Protein chains: 2
Amino acid sequence: MSDKQPKKKIPQMTISRLARYLNCLSLLPEEYDKEISSKELAARIDLKPTQVRQDFHHFGGFGQAGYRYKVEDLIIGLERILGLDNLQNMIIVGVGHLGQAVANYRKFERLGLNLVGLFDINPRLIGLTIRDIRVRDIDDIPEVIKEHKVSIGIITTPADVAQETANLMVINGIKAIWNFSPKNISAPHNVVIQNEHLSVGLMTLSYKLKTATEEYNTK
Amino acid sequence: MSDKQPKKKIPQMTISRLARYLNCLSLLPEEYDKEISSKELAARIDLKPTQVRQDFHHFGGFGQAGYRYKVEDLIIGLERILGLDNLQNMIIVGVGHLGQAVANYRKFERLGLNLVGLFDINPRLIGLTIRDIRVRDIDDIPEVIKEHKVSIGIITTPADVAQETANLMVINGIKAIWNFSPKNISAPHNVVIQNEHLSVGLMTLSYKLKTATEEYNTK
DNA sequence: TATATTATGTTAGCAATTTAACAAAGGAGT
DNA sequence: ACTCCTTTGTTAAATTGCTAACATAATATA
C-alpha cells in the first residue's frame, strides 16, 4: 500500500510540506512517540487534516484506514521519498559566518547528508578546523569532489563569486547546488539548484506586518 | 493607475515573487538602468511575462500600455507594497554564527530595516561589537525594545530557547518575528511570524536530486 | 500620416490545488 | 455480536492560481 511510485508530477508545495512533516515528527515530544493522526500532525503545523492525507495519498499513503499513522513508518517513508535514505556527500564553499552556521547544522547526519569539505580563499581561514573538517583552499575543490564523490555543493560565498563557484562545482561533476547568495545562479539543466534567498523571507515578513497593522488601524 | 489598494487577498506566492522582482531589479546591470519590460524581467527569474503583469495587476499595475516599466517606479512601488517604505527597527537574539551572518547582511539599510540591538546569554560574546552594535545581555531586551520602538525580532537562538525568546519579544511589544530556529514558535495572532526552516530547502534539494537521477536512469 | 511592432492592463478560460464528503476498516464499550 | 466512534484512503466538488487572448496605447519606420 505504501511507497508507491507517483505517476503524476508532485506539486512543489507538497514537497515543502513533506519536509515540514518530517521536521515536525523528528521533534515530537514523548507522548507521540509511537502514533500520530493526520489531525494531530496537521494541527502542529497549522494545516487541515485533509491536506496531510492528500499529500500522503500522492505516494499511496502511509497508514491503514482505522489505524493512526505509525510515527516510525512516516519518518522512514518520508525520508525515502525525499531521497534522504541513501548517503550524499556535501561541500561548503565560503566559510564566513553563514558558511560556518550551515556547517554547524546538527541535523545533517540524521538526514544522511555528510559534510566532507570546507573551502575558502581567505588565507586566515584556511587551516581552521570546524567539526573535524579542515578548511582548504578552493584550488583543492576538484580533488575533494572526486575523492569523496560529492553530489551536493553549498554556496555561501559573496554574490560576486557565486556564479564562478557554481561553474567550478558543475565542471567537477556536482549534481545539486544549494545557493545562499542573493544572486540567482545558472547551471546546465541536469544540475538541480535550490536558491535560498533570505531577503524573500524578510520582505514577506515586512508585508505581513504592514497588512496586519493596516487591518488593525481600519478596525 | 498605480498603488491601488487591493480588495482581495493576495496569494502568498505573489508576495514571494514581488520580493524576487525587487531583489532582481536591485541587482540589474547598467543597460537596464532605466526601463525594463515584463518579458525581460520574467526571463531573469524564469517566469512567464503574463505572470509578472498579473502579479502587478493585483495592485493596479505600475506602468502604462505601450511603455515599458520604469525601473525606478517599479522599485518604489514594490517597496511600498512590501512595507519597506517606512523605517522599521530590528533586534537579533542569538549571536552565534547564524546571528552574525544575519547581522552582517548588507541589504537591510537599503530596505529601511534598521538593526538596533544584538543579544546573547553567552558572556564571552557580550561586549563584542558587530557593525557598530554592542552585543548585550538578554536582560536588556525590554529596555532596547522600548527605547528604539523595535517592531521586528529575529530569533537565531538554539531551538530549545526559541519559544521563550519569542515570548519575551511579544511581551515587550514586538509585532513581527523572523524565526530561524527549526522549531515552529507560537504567538498571539496579532503578531506575525515568518519561519525560516533551512531543512525545508535542503530536503527539497534532495528530492529534486533524487527525481532527477531517477529520470536519468530510466531513460 | 499610416502602418507595423511592441508594450501593458484586463478579462476570461483553463489548470492545478485545496477542501469537503464519503466509503472502508479498526477499536472500544455494551 | 452489535453499535458508535475514530481513523485513513479515495473521489468529487470548490476554490484558487496561472496562462492565453485581446483591447488599448505608444513608438518607430516608411
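Model, not experiment: these values are computed from the prediction. First the proteins, then the strands, lettered A, B, ... as listed; each starts at 1.
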Check: How close or far is atom P of D:dT7 from atom NZ of A:Lys70, stated in whole angstroms?
Finding: 15 Å
Item checked: Nearest-nucleotide comparison on DNA chain C, the residue closer to the 5′ end among B:Lys39 and A:Met13 -> B:Lys39
Notebook entry, point to check: Cut-off 3.5 Å, side chains only: do A:Asn172 and A:Lys146 have a donor facing an acceptor?
Noted result: yes
Next item on the list: Look at the rings of B:His97 and A:His97 and say which category their plane angle falls in: under 30° parallel, 30 to 60° tilted, over 60° perpendicular.
Entry: tilted
Item checked: Donor + acceptor pair across side chains of B:Asn86, A:Lys210 (<3.5 Å) -> no
Margin query: Please report the distance, rounded to the nearest Å, between CD in A:Gln12 and C1' in D:dG17.
Written below: 15 Å
Margin query: Could you tell me how far apart B:Phe62 (CZ) and D:dA25 (C1') are, to the nearest whole angstrom?
Written below: 20 Å
Check: Starting at CD of A:Gln51 and ending at P of D:dA14, how long is that distance when rounded to a whole Å?
Finding: 18 Å
Next item on the list: Measure the distance from NE2 on A:His58 to P on D:dT8 and round it to the nearest whole Å.
Entry: 17 Å
Checklist line | Within 6.0 angstrom of B:Lys107 NZ, more than 12 heavy atoms from elsewhere | finding: yes
Check: To the side chain of A:Gln64, which of D:dT10, C:dA25, D:dT19 is closest?
Finding: C:dA25
Note to self: Which is more 5' along DNA chain D, the nucleotide nearest A:Thr50 or the one nearest A:Gly66? Just name the residue.
What the structure shows: A:Gly66
Note to self: Quick check for you: among C:dT18, D:dA25, D:dT8, whose closest atom lies nearest to any side-chain atom of B:Ala65?
What the structure shows: D:dA25
Checklist line | Interatomic distance, A:Lys48 NZ vs D:dT15 P [rounded to whole Å] | finding: 12 Å
Item checked: Spacing of B:Arg68 atom CZ relative to C:dT6 atom P, expressed in whole Å -> 12 Å
Next item on the list: Consider the side chain of B:Tyr67, meaning its heavy atoms from C-beta on, and name the nucleotide among D:dC18, C:dT8, D:dT27 that approaches it most closely.
Entry: D:dT27
Checklist line | Aromatic ring proximity, centroids under 6.0 angstrom, A:Phe56 and A:Phe62 | finding: yes
Check: To the nearest Å, how far apart are B:Ile10 CD1 and D:dT16 P?
Finding: 13 Å
Next item on the list: Determine: side-chain N/O of A:Arg17 to OP1/OP2 of C:dT18, distance under 4.0 Å, yes or no.
Entry: yes
Next item on the list: Go through C:dA21, C:dT8, C:dT10 for me and flag the one nearest to the B:Gln54 side chain.
Entry: C:dT10
Next item on the list: For C:dG9, take OP1 and OP2 only and decide whether either is under 4.0 Å from a side-chain N or O of B:His57.
Entry: no
Notebook entry, point to check: For DNA chain C, whose closest nucleotide is more 5', that of A:Thr14 or that of B:Tyr69?
Noted result: B:Tyr69
